[in-house]
Number of protein chains: 2
Amino acid sequence: MTPNLHITSQQIRIFEAVARNLSYTKAAEELGLSQPAVSIQMKRLEENNDVKFIEVIGKKLYLTRPGERMLKSCQRILDELHDLNGHIKSAQQKIEGELKIAVVTPAKYFMPYILKAFLNRYPDVRPAITVINRRRILDELKQNQYDLSIMGRVPEELKLDSFPFFQNELVVAAPAKHRLSKEKRIPISEIATERFLMREKGSGIRMSVEDRFAENGIIIEPYMELGSTESIKQAVMAGLGISVLPKQAIRIEAKHGHLDILDVEGFPVIRDWYVAKMKDKNLHPAAQAFVDFLNSIDIERLLAMSDTR
Amino acid sequence: MTPNLHITSQQIRIFEAVARNLSYTKAAEELGLSQPAVSIQMKRLEENNDVKFIEVIGKKLYLTRPGERMLKSCQRILDELHDLNGHIKSAQQKIEGELKIAVVTPAKYFMPYILKAFLNRYPDVRPAITVINRRRILDELKQNQYDLSIMGRVPEELKLDSFPFFQNELVVAAPAKHRLSKEKRIPISEIATERFLMREKGSGIRMSVEDRFAENGIIIEPYMELGSTESIKQAVMAGLGISVLPKQAIRIEAKHGHLDILDVEGFPVIRDWYVAKMKDKNLHPAAQAFVDFLNSIDIERLLAMSDTR
DNA sequence: AAAATTCATAAACAAATGTATATGCATCCT
DNA sequence: AGGATGCATATACATTTGTTTATGAATTTT
């Protein structure tokens, strides 16, 4: 291995300016240095490497052959640094590129709608969503596999920074004065016998609800399928059956007694959603923008609008 | 104009090693530095440019996106420096490339033979010979147009380094006891009537002699053309005619009275040859080799062998 | 021939860069 | 749980880099 050239980046800059101007004085002016500073650096450069790069003949400067070669290299290097600078500076500002997010299984029901809205605002971001279980999220976060993760609980052991961005509470809504309205801790199996109004298959909220019943070994047969949260709400109030709805969506109606919230075992399904990152992890602009986005938007409204909870 | 990236070449080396090893400790070992030295430089690099290049998560290092970009650039720069180093180191040793020599008009008669011998030894040199007059040589030397110049007198005014490498003295040789042997200061016109033995057309020495006569308005008609200095010498001794020969070549014969040297006006033609360069001029290896070559060879013998004076 | 320009050099000093040693702290491994 | 490992930080110091000012030497311009 040959010992490399002994040169500082300042010497590169100075040499380039000197070689281009063929003048120490002009180079010094251009770089905002004193003339002796330039002279000294050039002298050191030559002494350190035991090469003559510059000849002063009469009053004019000439490059030796190694000097010509050196100029080429210096210019290439300065170009490279300039490019690099541009890339970095712009990459620090532009919201673009890959955004790797690990998502805990139940979040997959609503994440697409959030992402859709996010991409609408920042079309140059390429999100990569991985749906994995909680344990693996923690492991892989530790290994810096993701920029962010979305989960329902934040483990305390780990060095995570986390921010809540969404509280979702799914309650069982029944027509006013339903036979179970006054009951406490209604067994989940009791509910299963009711007429169930549900969103169409594939709806996020329907899947969430089905999952919850499935955990208790119950499979719900929908009595009727309706296309939106709003229409289900109306149908419940009309006495067509019961349903599971976001508490937020029926808050006013429940208050006025237009429908009742049943106290069923396993309900409400409370979902507090957090976005988390490793404490030492540096968020690139796209990731930071996503966090900001989560904090700034009204997720209830977004999901209601997309009608997908 | 964007302010350029603030980075030292040491930081480039350190960053590259860190990014490649993904370890400060290993990078430090590789570079023969202490671990804190590496840590500090990386920290300064990031602080100075307000960018995070490296993330330490748990115990492992990861490159951020700017870090990845940085690594690319660092590797390109190090490659460039490595190439540069190679070029310079080899260019410092190899005797090759262009060798620009300015030659005063009369030297053109013998230079080709010297060059031929030089190229025989150093085939990778590409000599560029320019034949110009003395005044222009001085001007253009000052402007660093040539590596070397060949001339007969060295002006004292100028800052030239010069070395004599060849003394040539052309004398008029006549058969022993020639009718003009005792004469002093024989007019050049007197000689013109003699039978002249000469080398074939194109011979360096013939051109040199013809030039000298031409300066006096005399055109010599050769009585006989012979192929070598040696055969002319024999012919002169045999009484066939007179000729102009290097004094060196007939020194012994003249001493023993086998032929006479005539004291003709304008003779001997004395040529002291110097190789010169500007005092501050740096000779590259090929140029230095040429100077050494001139000093080391026996030019009399070389020219005699090529039979061209 | 005098004046202006340009590079070289020196001295004295200020700032930055780079270093080793020692130590702390967190993580990883066993 | 305990030891080993790896990075961060503090301190103190050495070296390098850059500064101004002054001056010298040489060349070019006027």
Side-chain angles (χ1 to χ4, degrees), chain A residues 6-15 17-19 21-49 52-63 67 138-139 141-144 157-160 278-282, chain B residues 6-15 17-19 21-49 52-63 67 138-139 141-144 157-160 278-282:
Chain A
H6 193 287
I7 187 168
T8 68
S9 51
Q10 179 73 333
Q11 284 169 345
I12 291 177
R13 276 177 227 113
I14 294 179
F15 181 88
V18 167
N21 290 299
L22 288 177
S23 158
Y24 286 12
T25 307
K26 278 183 200 156
E29 280 169 16
E30 187 179 304
L31 297 172
L33 300 177
S34 64
Q35 173 258 311
V38 172
S39 286
I40 289 174
Q41 287 313 315
M42 290 301 91
K43 197 182 171 187
R44 283 182 190 159
L45 176 62
E46 293 182 338
E47 280 173 358
N48 289 336
N49 297 289
K52 263 276 174 195
F53 291 122
I54 294 170
E55 282 173 352
V56 183
I57 289 179
K59 212 160 171 169
K60 281 185 184 160
L61 301 191
Y62 300 90
L63 296 181
L138 297 183
D139 282 351
L141 262 188
K142 270 197 211 178
Q143 290 166 55
N144 201 33
E157 2 129 12
L158 239 124
K159 299 295 165 68
L160 290 181
M278 288 299 290
K279 192 170 64 68
D280 296 327
K281 174 72 183 178
N282 214 268
Chain B
H6 194 286
I7 186 169
T8 68
S9 51
Q10 179 73 335
Q11 284 169 345
I12 291 177
R13 278 178 226 113
I14 293 179
F15 181 87
V18 167
N21 290 298
L22 287 176
S23 158
Y24 286 12
T25 308
K26 278 183 199 155
E29 280 169 16
E30 186 180 304
L31 298 171
L33 302 177
S34 64
Q35 173 259 309
V38 171
S39 284
I40 289 175
Q41 287 315 314
M42 290 302 90
K43 195 180 171 188
R44 281 182 190 160
L45 176 62
E46 293 181 337
E47 279 173 358
N48 289 337
N49 297 289
K52 262 277 174 193
F53 292 121
I54 294 170
E55 282 173 351
V56 184
I57 289 179
K59 212 160 172 170
K60 282 186 183 157
L61 301 190
Y62 299 90
L63 295 180
L138 297 184
D139 281 351
L141 263 188
K142 272 197 211 180
Q143 291 166 56
N144 202 31
E157 2 130 11
L158 241 123
K159 300 295 166 68
L160 290 182
M278 289 299 289
K279 190 169 66 66
D280 297 327
K281 173 72 181 175
N282 214 269

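Bear in mind that the values here come from a model prediction, so they are computed numbers and not experimental data. Chain letters run A, B, ... following the sequence lines, proteins first and then strands; every chain starts at 1.
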Asker: To the nearest Å, give me how far apart CD1 (A:I40) and P (D:dT20) are.
Answerer: 12 Å

Asker: What is the distance from CD of B:Q41 to C1' of D:dT15, rounded to the nearest Å?
Answerer: 13 Å

Asker: Reading DNA chain C from 5' onward, which residue's closest nucleotide shows up sooner: A:T25 or B:Q10?
Answerer: A:T25

Asker: Taking any atom under 4.0 angstrom from a heavy atom of chain B, which nucleotides of DNA chain C are the first and last to qualify, 5' to 3'?
Answerer: C:dT17 to C:dC28

Asker: Could you check how far OH of A:Y24 sits from C1' of D:dG18, rounded to whole Å?
Answerer: 17 Å

Asker: Using salt bridge (charged side-chain N to carboxylate O under 4.0 Å, His left out) as the criterion, list what pairs up with A:K281, not counting sequence neighbours.
Answerer: A:D147, B:E55

Asker: Test of understanding: with ring pair (Phe, Tyr, Trp, His ring centres under 6.0 Å), list the residues that count as partners of A:F15, not counting sequence neighbours.
Answerer: A:F53

Asker: Within this structure, what is the CD-to-C1' distance between B:E47 and D:dT9, rounded to whole angstrom?
Answerer: 12 Å

Asker: Note down the inter-axis angle between the two ends of the helix from C:dA1-D:dT30 to C:dT30-D:dA1, five pairs each, to the nearest 10°.
Answerer: 40°

Asker: Between protein and nucleic acid, restricted to nucleotides 24-30 of chain D and to nitrogen or oxygen atoms under 3.5 Å apart, what atom pairs and distances do you find?
Answerer:
{"unit_1": "D:dT27", "atom_1": "O2", "unit_2": "A:K59", "atom_2": "NZ", "d": "2.9"}

Asker: Which residues pass the side chain to side chain donor-acceptor pair (under 3.5 Å) test with A:Q10, sequence neighbours left out?
Answerer: A:R13

Asker: Who pairs with B:S39 by side chain to side chain donor-acceptor pair (under 3.5 Å), at least two apart in sequence or on another chain?
Answerer: B:Q35

Asker: Ignoring hydrogens, what is the shortest heavy-atom contact between A:T8 and B:S9? Give both atom names and the distance.
Answerer: CA-OG, 3.3 Å

Asker: Who are the side-chain contact (heavy atoms from CB on, under 4.5 Å) partners of B:K60, not counting sequence neighbours?
Answerer: B:Y62

Asker: What pairs meet the salt bridge (charged side-chain N to carboxylate O under 4.0 Å, His left out) rule with one or both residues in residues 29-46 of chain B, with sequence neighbours excluded?
Answerer: B:R20-B:E30, B:E46-B:K52

Asker: Could you pull out all residues at least two apart from A:K279 that satisfy salt bridge (charged side-chain N to carboxylate O under 4.0 Å, His left out)?
Answerer: none

Asker: Looking at B:S39, I'd like to know whether one of its side-chain N or O atoms comes within less than 4.0 Å of OP1 or OP2 on D:dT9.
Answerer: no

Asker: List the atom of B:M278, the atom of B:L141, and the distance in Å for their closest heavy-atom pair.
Answerer: CG-O, 3.4 Å

Asker: What integer distance in Å separates B:K26:NZ from D:dG6:P?
Answerer: 7 Å

Asker: What distance do A:L33 atom CG and A:I40 atom CD1 have between them, rounded to the nearest 0.5 Å?
Answerer: 11.0 Å

Asker: Measuring from atom CG of A:L61 to atom NZ of A:K26, what distance do you get when rounded to the nearest 0.5 angstrom?
Answerer: 10.0 Å

Asker: So if I take residues 29-38 of chain A and measure heavy-atom distances to DNA chain C, which residues fall below 4.0 Å?
Answerer: A:Q35, A:P36

Asker: Side-chain contact, heavy-atom cut-off 4.5 Å: B:L45 with B:I7?
Answerer: yes

Asker: For D:dT16, does OP1 or OP2 lie under 4.0 Å from any side-chain N or O of A:R44?
Answerer: no

